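Reading through the structure tokens given below for one structure.
As the structure is a computational prediction, the values presented were derived from the model and not from experiment.
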Amino acid sequence: MKTIIYQVFMRLFGNNTPPSKHDGDIHDNGCAKMNDIDDATLAKIRRMGVTHVWYTGIIRHATTTDYSKFGIPTQTPMVVKGKAGSPYAITDYYDVDPDLAVDVEHRMEEFEALVERTHNAGLKVVIDFVPNHVAREYHSISKPEGVKDLGEEDDKNLHFSNKNNFYYCWGRPLDTSLLPAKGVPYEERPAKATGNDQFDSKPGPNDWYETVKLNYGIDYCDAGGRSEHFTPIPNTWSKMTDILIFWARKKVDAFRCDMAEMVPAAFWRWVTDKVKCLPGQPVQFIGEVYDPAQYRNYLAAGFDFLYDKVGMYDCLRDVVCHRRPAADITRQWQTCDDILTHMLYFMENHDEQRIASEFFANDARKGVPAMMVCAWLNTSPVMVYAGQELGERGMDEEGFSGRDGRTTIFDYWSPDTLRRWKDRRKLKKEERELMDTYTRILTLANSDDALRDGAFYDLMYVNPQLAQRQFAFMRKCGKQLVLVVVNFDEQPAHVEVSIPEHAFDYWQMPKGDFHATDLFGGAEADISLLPGKTVALDVPPLGGCAWKMALATR
């Protein structure tokens, strides 16, 4: 089964309150709840062809909303980005975001019910694990009895010790003079290193100033340069392992590990072995790794899948935007040829600009051929960000996030498309058509044997005439063959596709005439597969075809 992940940003998905205020609070603009992900919603997600739902923003993080009446510590606004705060500035690894609960005092039970509903719908649950950094005012009120809090036993007089959970700036206080002023000043003595590897006491407005870096036994400021201190096992390793096991026992199926490459591979090798050995369904690890040179290192450390952002995503984005030829897709997958099944393909997520935004393609339809490549190229997992299938533009100016082509992760908001997501009658014609297109792409990725499990053969090396705006490949499973051609151009394309002699030899394919059906468009035709003879196909604009045939000569 191909893994197809649907990313749901919890604060937004199901919030039906139209935003009334720029940079508004939860009372102005509302907030979605875990209970909004009901059985009907999950069934609809499943019908799209999805296998996993990534619930983004579950673990309690820094926010300006006051929940002190529930015993939840308040946060200083100066070190919170936006009114709602970043879901990656964790304040308690053992707690659930109270914003997402109908009954705050029973927020963990509501999460457990969400997990059960998701599993009952035949879907698996992915949540974030944020290992590299925490909120500046991290303090767990929900940790199990006997667990020591992060930093509780640190020696703050030391810049570095592998017994410490944080890095300290030699007694200097945090200098907030460069940060946006937000009323109450924030004091931190001594200053802790900032999450994006800033080891001084004066973070800037473009730093991850709302977070502090966790210490996994690497001294980044050693006199001789960076040095590793993994013996004895660093204190942070044990604490983070306990946190992962806590959530795995909540029946979470996979962890999407934020900025995984900023944490040493040695830790991942140590922890994944322990978590994957827990009784029950094996837990998967999905890593956000941006350095292709590190891909194999982190896969060897226990990751099941890695983002292929600085790779296939960047390539496809450039092809969509006419900055690179379609033939470059070949070069891109070849760089990961030995690890293709582990590369997670996507065209949107919470960090990236929406396809339909003015900063990307300005038209959601232009992303369709790229999604066909993502979903059908091989057995790699694929991901869709909620709203992508409706052409969400990400062009709102929500507040802290600004108008940047992304859907905010810092503000209380509700994108127009997501407010109408549940009721097809409220969708615009072009939104319904795009959603139906995405559903066909994703469901075909698992419903067809060849597209799900088949071997892959790139046809571009013998079809240079396609290089600029089309991409052609084949998938084969047993006697079933699918010939795929995608068209990145806004005009229909008549193409002549050559099948090389090598393909017939390599796959031991019979030669001759075969009856074929376009799995995507529904048309039928007789196709001749012969070396030296081209296959003539008409490919729609911003789309593709997937011609399926049984390899039995007539």
Side-chain angles (χ1 to χ4, degrees), residues 7 9-12 15 19 21-32 56-67 72-93 95 97-100 128 130-139 166 174-188 191-198 200-214 258-259 262 288 349-354 385 394 396-415:
Q7 183 188 4
F9 192 76
M10 293 297 293
R11 192 188 297 149
L12 306 180
N15 180 16
K21 187 175 180 181
H22 173 268
D23 199 29
D25 61 24
I26 193 169
H27 304 291
D28 298 317
N29 295 337
C31 183
T56 306
I58 289 290
I59 300 177
R60 181 159 69 81
H61 58 267
T63 179
T64 63
T65 304
D66 186 357
Y67 287 101
I72 299 173
T74 57
Q75 306 290 304
T76 305
M78 181 177 282
V79 286
V80 178
K81 288 184 176 177
K83 288 286 196 305
S86 167
Y88 297 100
I90 301 297
T91 52
D92 189 342
Y93 277 118
D95 203 358
D97 179 12
D99 276 350
L100 306 179
D128 287 286
V130 188
N132 176 65
H133 49 265
V134 295
R136 286 208 173 265
E137 296 180 285
Y138 182 92
H139 172 59
F166 300 118
L174 184 71
D175 183 345
T176 61
S177 61
L178 298 179
L179 306 185
K182 284 187 179 180
V184 180
Y186 173 74
E187 294 186 1
E188 185 177 286
K192 301 184 185 77
T194 300
N196 59 321
D197 290 0
Q198 296 300 311
D200 58 44
S201 60
K202 191 175 182 179
N206 296 321
D207 287 319
W208 304 347
Y209 63 79
E210 80 280 26
T211 69
V212 290
K213 174 82 173 178
L214 283 169
D258 184 69
M259 298 308 300
M262 296 183 77
E288 185 184 21
N349 63 43
H350 67 277
D351 284 320
E352 308 302 338
Q353 290 167 329
R354 296 286 194 172
Y385 187 26
D396 295 335
E397 191 171 354
E398 304 99 337
F400 182 88
S401 182
R403 193 168 181 266
D404 59 0
R406 297 175 178 86
T407 298
T408 181
I409 65 169
F410 304 106
D411 305 284
Y412 293 110
W413 203 254
S414 60

Just jot down the side-chain hydrogen bond (donor to acceptor under 3.5 Å, both in side chains) partners of Asp128, sequence neighbours excluded, or say none.
Trp54, Tyr88, Arg256
Sequence neighbours excluded, the answer for side-chain hydrogen bond (donor to acceptor under 3.5 Å, both in side chains) partners of Asp200 is none
Side chains of Asp351 and Arg406: does their closest heavy-atom pair fall under 4.5 Å?
no
Would you please name every residue forming a side-chain contact (heavy atoms from CB on, under 4.5 Å) with Thr63, sequence neighbours left out?
Thr65, Asp99, Tyr412
So, for Gly82 and Thr64, which heavy atoms are closest and what is the spacing to 0.1 Å?
O-CG2, 3.8 Å
Non-hydrogen side-chain atoms of Ile409 and Lys81 separated by less than 4.5 Å
no
Under the salt bridge (charged side-chain N to carboxylate O under 4.0 Å, His left out) rule, collect the residues that match up with Asp25, sequence neighbours excluded.
none
Under the side-chain contact (heavy atoms from CB on, under 4.5 Å) test, residues paired with Asn196 that sit two or more places apart:
Thr194, Gln198, Asp207, Trp208
Answer yes if the side chains of His22 and Glu398 hold a donor-acceptor pair under 3.5 Å, and no otherwise.
no
Could I get the full list of salt bridge (charged side-chain N to carboxylate O under 4.0 Å, His left out) partners for Arg60, not counting sequence neighbours?
Asp92, Asp95
Just jot down the side-chain contact (heavy atoms from CB on, under 4.5 Å) partners of His139, sequence neighbours excluded, or say none.
Pro73, Ile141, Asp149
I'd like to check the side-chain hydrogen bond (donor to acceptor under 3.5 Å, both in side chains) partners of Ser201; sequence neighbours left out, ordered by chain and number.
none
Mind checking whether Thr176 and Met78 have side chains closer than 4.5 Å, heavy atoms only?
yes
Going by heavy atoms in the side chains, are Leu178 and Pro203 under 4.5 Å from each other?
no
Do the side chains of Pro180 and Tyr209 get nearer than 4.5 Å, heavy atoms only?
yes
If only atom types and distance count, is the side chain of Gln353 paired as donor or acceptor with the main-chain N or O of Asp404 below 3.5 Å?
yes
First locate atom OG1 of Thr76, then atom CD of Glu210, and finally report the distance between them rounded to the nearest 0.5 Å.
13.5 Å
Pairing residues for Phe400 by the ring pair (Phe, Tyr, Trp, His ring centres under 6.0 Å) criterion, not counting sequence neighbours:
Phe410
Charged N to carboxylate O below 4.0 Å: is that the case for Arg136 and Glu188?
yes
What pairs with Ala32 under side-chain contact (heavy atoms from CB on, under 4.5 Å), at least two apart in sequence or on another chain?
Asn15, Asp36
Could I get the full list of ring pair (Phe, Tyr, Trp, His ring centres under 6.0 Å) partners for Tyr138, not counting sequence neighbours?
Tyr93
Tyr385 and Glu352, any side-chain heavy atoms less than 4.5 Å apart
no
A side-chain contact here means heavy atoms from C-beta on lying under 4.5 Å apart; do Phe9 and Thr408 qualify?
no
Can you tell me how far apart CG (Asp396) and OG (Ser401) are? Round to the nearest 0.5 Å.
9.5 Å
State whether a side-chain donor-acceptor pair under 3.5 Å links Lys213 with Asn132.
yes
Residues Asp23 and Lys83 bridged, charged N to O under 4.0 Å:
yes
Close side-chain approach of Thr56 to Met10, heavy-atom, < 4.5 Å
no
Could I get the full list of side-chain hydrogen bond (donor to acceptor under 3.5 Å, both in side chains) partners for His61, not counting sequence neighbours?
Arg11
Would you kindly say whether Arg354 and Thr407 are connected by a side-chain donor-acceptor distance under 3.5 Å?
yes
